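Input: a single structure, listed below in structure tokens.
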Amino acid sequence: MLAPQLIGRLLPEILSNTNIKSLLTECDLHGPAHCALIPFYHCLHTPGGPLKYSLEGHQFAVFDFRLTSDYRYIVSISNKFIMWDVSTSDMTRDVNPALEGIMQRLCLSPDNRYAAAYTNYNEVVLLNCLTSEFIVLAKVLEENENVVGVFLLNALLFIYGDQSWCSYDFRGNLQQKYVSNEDTNWKILDMYFNAADDYRVVFWSGNLDDGRLKLRSVLEGEGCESISFFNAFVVSATGVKLYSCIDDDNVCIAEYNCGKSARIWTKAKCLQMPEEGCKDTLLQLKLSDEEDALLGTLANGFIVWTFNENECNNVINVRLPHGVRNISTKMTRSNSCMLSGNKDYIVAGVRRNLYIWSFKNGELVKVLDAHFGRIISLEALTVGHWNSAITSSIDRSVKIWNINNIFEQVHSIDRHELQIDSISICERAGIAVTVTRGCVGVWDILLGKLISQLADSPLGAIVTHALATPDGKYIACAESGNVIIWNRLTEQVIYKESQPGIVQLTFFNDGRKFFVISAPQMSSCETTGRVSGTCITRNVPSGEKSHTIEFSFRHTPGCAFKEAVVTSDEANIVILVADKGHREALCAYNIETGELASRVPLRYSGVKDVMFLVAMPNRASQVAMIDPEKAMLVDIRLKKITKTIPKWGGMCTKDGRYGLYAPTRGGLELIELKKGNCVQTFIPKVAEGVFSVICMFNKTDEYVLYYHSGKKTVRVFRRSDAELIANYRVQTELSAIESTHDGKAIVLGTVDGCLSVLAIADPAKENMKQFLETLPSRDQHWKEKHEKKRGSQRFRAAIMATKLCVKMSSHDSTNEDGLVNEKLIETC
């Protein structure tokens, strides 16, 4: 699969480099023989730029990571431990302790031999980094006391909670328990150990609005004088210096020194806050690795103090852009910043971006789109020739950034901020409509450009469904409990009506009508039982109601609604309903009038496990009910179950003759639906583990598409001879997949919000080579014409919108809800 990777990454460079253009031309010609999925456009990260490595392997968010003291390895945690080689990006350890929760607060021993973390279920894991052996400790503290943190020495593991702590050896044996002698109103926030009898304890009130903090030190078993401070603090590695706020007003930062002989903290000097930041709350303080700089986090920026021979010689305050703020995740913990190796840049990770400021003048010089999820941690790696920043994120990756290359050109890839949940393709208009939680996206499928993002409520919109008409003129969507119809060209809402709890939106009659099913009680139903549903049929684009169907269905908490289907002759809507006795039945309603046409009681014992319904394409009276092991064909005219097909998973060809069987444990087979026999085996039954899979036919039934979540690969098989013609690895987890109607391409939506279009360049089809040559990304002149065409379409849409406004001002052009009437809609 080298050819599609090269094409997806190097396409932006073909205009400036003839050698790269020749290479990609060869990839188009000869690459399909090895992998027939060829990208339409630039959809993968181009080499170069500030990104050095992207370390991926976690299945959940990377909540913490640590660099070993020799800077050779990175240890990261989510639900498992992964160790990476910093110089090569190779994964050297992958240990899954099979815990229920997610690990937090990673700690390494001083000799880097052991790592420890605790979970949100109060379990503590101790890992031997050399042998990958681990120990899980549960219920280590008193009852009803949560684990707050862990600390490692070379021979002891310390676990502390709100009021007590304990020590364990590395075999999991309890050594000693301790109880805090402070007032119960003070809770333990952090602990630092040099030995079992040499440690520091930081206390807080337990209230985030109360900034009071207290530090108590114990040396050789004897307590030292406590010191009080506010909001944020940091202690040097040797434990003899402390920086903190001396009052709750953040007027200045004090430096305290503690000699081991005196055992008393004395104020050495004060570091003045800059005038712009003195009124802001200090969220966090941090020392650089060399302890020659103090880094402070404010709500809307950062403060950096640099030291020269223990004297503060510079202070700079940098501000985040308008509307971007730091947040405090816990007391004294927030977003962090760092200094580059030559102290010429300040780097911070906020939300999903890296912000880089010039240290000389404090100006924001660069904003990097670093992750597609919120950045959790940032650490500096500025040792030797390394001048890098390391970030971890909710997007399940750890990335290493080369600060020396921050000004190199980066070819951006359009994407949503949230994952793509579904895709609707309109080939006539050359667009794809995507659904994310926050908006509806309109994409140009030839250029890979995000044309527009539609949301009626820009702040707080919750979009669950969206479909575009076949001509691409209108988009119907469900947003925040409303049914909305958009005019795609003018990007205006032309119909809106409240319908809470929407669970399905489906077009029929060639996109001229659609029905919306809602069930508001589903979200609040905590037990299995009957729930009322409503199906309303509307016209496009007026939104006028045709009829309403009221029904009840059986709902199980945590399970999705079993969507209704339209029969192949578009005469009936078939819904799985439940009567008062919780007995299920298939009800067919006339699609034009909404009247009940047929009711089929389901008395078969296995019907209760139905996952979804499928309208059979070859027989208008038949509907299939799919469960994990089989499918049952129901004839709504004869009102009975006519056949049981074992193993069929619900996907079938347009003629209804063949289906697919793809169990989650591995394997893929083509089944003949008439007798239920296996016709072809695409993937033999192998023990790959239990993963989620997506399998389907393309729109022309020529190919079988198979996605495996464990391998993150999309495989394409030729249906005629079961030959594997493509094995393409997606850049991140796949969340939606669709095939174009001509069968020449597939459209992929991923959790990072990207949309990728891949041509099925079957080597057996000679015309696919000419098809690839005419793509806009290969022909710059064609691309320019295509972009001009798109621009003229939008210009004409703007003219039409202006004419529409003129008519609205001179006619009675709105209905009772203040929306444009149907005549003016047709004018548009």
Side-chain angles (χ1 to χ4, degrees), residues 1-17 20-21 23-24 27 31 35 37-58 62 74 84 86-91 347 349 351-356 366-375 378 388-420 443 447-450 711-714 727-735 747-758 775 777-778:
M1 56 179 289
L2 178 61
Q5 291 287 325
L6 291 175
I7 294 170
R9 298 179 189 279
L10 298 179
L11 273 174
E13 301 291 339
I14 62 175
L15 296 179
S16 57
N17 194 313
I20 290 180
K21 185 174 182 179
L23 172 65
L24 298 192
C27 289
C35 181
L37 286 179
I38 303 297
F40 268 38
Y41 47 78
H42 172 228
C43 59
L44 300 172
H45 289 293
T46 302
L51 181 62
K52 187 174 181 66
Y53 296 129
S54 181
L55 311 178
E56 299 177 3
H58 286 282
V62 184
I74 295 173
W84 315 86
V86 173
S87 59
T88 64
S89 77
D90 293 335
M91 183 187 297
V347 183
R351 293 184 180 175
R352 59 187 182 91
N353 297 323
L354 278 182
Y355 293 90
I356 297 99
K366 188 79 172 181
V367 179
L368 291 176
D369 189 6
H371 292 266
F372 64 87
R374 181 172 62 85
I375 295 174
L378 180 142
S388 303
I390 307 175
T391 57
S392 69
S393 168
I394 287 179
D395 67 4
R396 297 170 284 185
S397 68
V398 178
K399 293 185 177 182
I400 302 178
W401 305 89
N402 189 345
I403 301 175
N404 294 330
N405 298 340
I406 60 171
F407 292 111
E408 287 190 5
Q409 183 181 8
V410 177
H411 301 284
S412 61
I413 301 173
D414 285 3
R415 70 184 186 189
H416 291 288
E417 291 187 1
L418 302 174
Q419 77 171 37
I420 294 174
W443 295 75
L447 298 179
K449 297 296 183 183
L450 181 58
K711 298 180 178 179
K712 292 183 181 177
T713 57
V714 177
N727 188 8
Y728 179 88
R729 191 181 192 280
V730 293
Q731 68 270 25
T732 186
E733 186 177 345
L734 192 69
S735 56
V747 184
L748 308 180
T750 48
V751 297
D752 60 354
C754 291
L755 190 81
S756 303
V757 184
L758 308 176
L775 291 176
S777 58
R778 275 68 166 179

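Worth saying up front: this structure is predicted, and the values here are computed from it rather than measured. The figures here come from the full heavy-atom set of this structure, side chains too, leaving out hydrogens, waters and symmetry mates.
With hydrogens and angles ignored, the 3.5 Å screen pairs a side-chain donor or acceptor of H42 with a backbone N or O of L44. N405 contributes no side-chain N or O that, together with a main-chain N or O of E408, makes up a donor-acceptor pair within less than 3.5 Å. For S393 (side chain) and R374 (main-chain N/O), a donor-acceptor pair under 3.5 Å exists by modelled atom type. A donor-acceptor pair under 3.5 Å is absent between the side-chain atoms of Y728 and the main chain of I38, judged by distance alone.
Note that the CG atom of L10 and the CG atom of L24 stand 5.5 Å from one another [nearest 0.5 Å]. The OG1 atom of T750 lies 9.0 Å from the CD atom of Q419; values are rounded to the nearest 0.5 Å. Atoms CD and OG, from Q731 and S756 in turn, are 4.5 Å apart once rounded to the nearest 0.5 Å. To the nearest 0.5 angstrom, I14 atom CD1 is 11.5 Å from L23 atom CG. Separating the CG atom in D752 from the CD1 atom in I420 is a distance of 8.0 Å, to the nearest 0.5 Å. Residue T391 holds its OG1 atom at 2.5 Å from NE2 of H371, rounded to the nearest 0.5 Å.
Taking the side chain as every heavy atom from C-beta outward, V757 and Y41 approach each other to under 4.5 Å. Inter-residue side-chain proximity for D369 and R415 is flagged as met; some heavy-atom pair is nearer than 4.5 Å.
When all heavy atoms of P12 and T46 are compared, the closest pair comes out as CG-OG1, 4.0 Å. The two atoms that bring L11 and F40 nearest to each other are CD1-O, 4.4 Å, heavy atoms only. Nearest approach of W401 to L368, heavy atoms of both residues: CE3-CD1, 4.4 Å. In plain terms, the two heavy atoms of N402 and S388 that are nearest each other are CA-OG, 4.2 Å. Scanning both residues, V367 and Y355, for their nearest heavy atoms gives CG2-CD2, 3.7 Å. Contact record, P4 with C35: CG-SG, 3.8 Å, taken as the closest heavy-atom pair.
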### Trace of the salt bridge (charged side-chain N to carboxylate O under 4.0 Å, His left out) decision for R352 with D395
CA-CA 9 Å; R352 59 187 182 91; D395 67 4; over 6 Å; no
### Task
Begin with the C-alpha distance, continue with both residues' side-chain angles, and end with the deciding distance and a verdict on side-chain hydrogen bond (donor to acceptor under 3.5 Å, both in side chains) for E13 and H411.
CA-CA 9 Å; E13 301 291 339; H411 301 284; 2.7 Å; yes
### Task
May I have the step-by-step check of side-chain contact (heavy atoms from CB on, under 4.5 Å) for L378 and L354, ending in yes or no?
CA-CA 10 Å; L378 180 142; L354 278 182; 3.7 Å; yes
### Task
Test side-chain contact (heavy atoms from CB on, under 4.5 Å) on I74 and I400 and set out the steps.
CA-CA 10 Å; I74 295 173; I400 302 178; 4.0 Å; yes
### Task
Decide yes or no on side-chain contact (heavy atoms from CB on, under 4.5 Å) for V751 and F372, but give the supporting numbers first.
CA-CA 8 Å; V751 297; F372 64 87; 4.0 Å; yes
### Task
For I413 and C754, run side-chain contact (heavy atoms from CB on, under 4.5 Å): C-alpha distance rounded to whole Å, both residues' side-chain angles, the deciding distance at 0.1 Å, then the answer.
CA-CA 8 Å; I413 301 173; C754 291; 4.2 Å; yes
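Environment of CD in E56: crowded, with over 12 heavy atoms of neighbouring residues, nucleotides or ligands closer than 6.0 Å. More than 12 heavy atoms of other residues, nucleotides or ligands lie within 6.0 Å of NZ in K712, so this atom counts as buried by the packing criterion.
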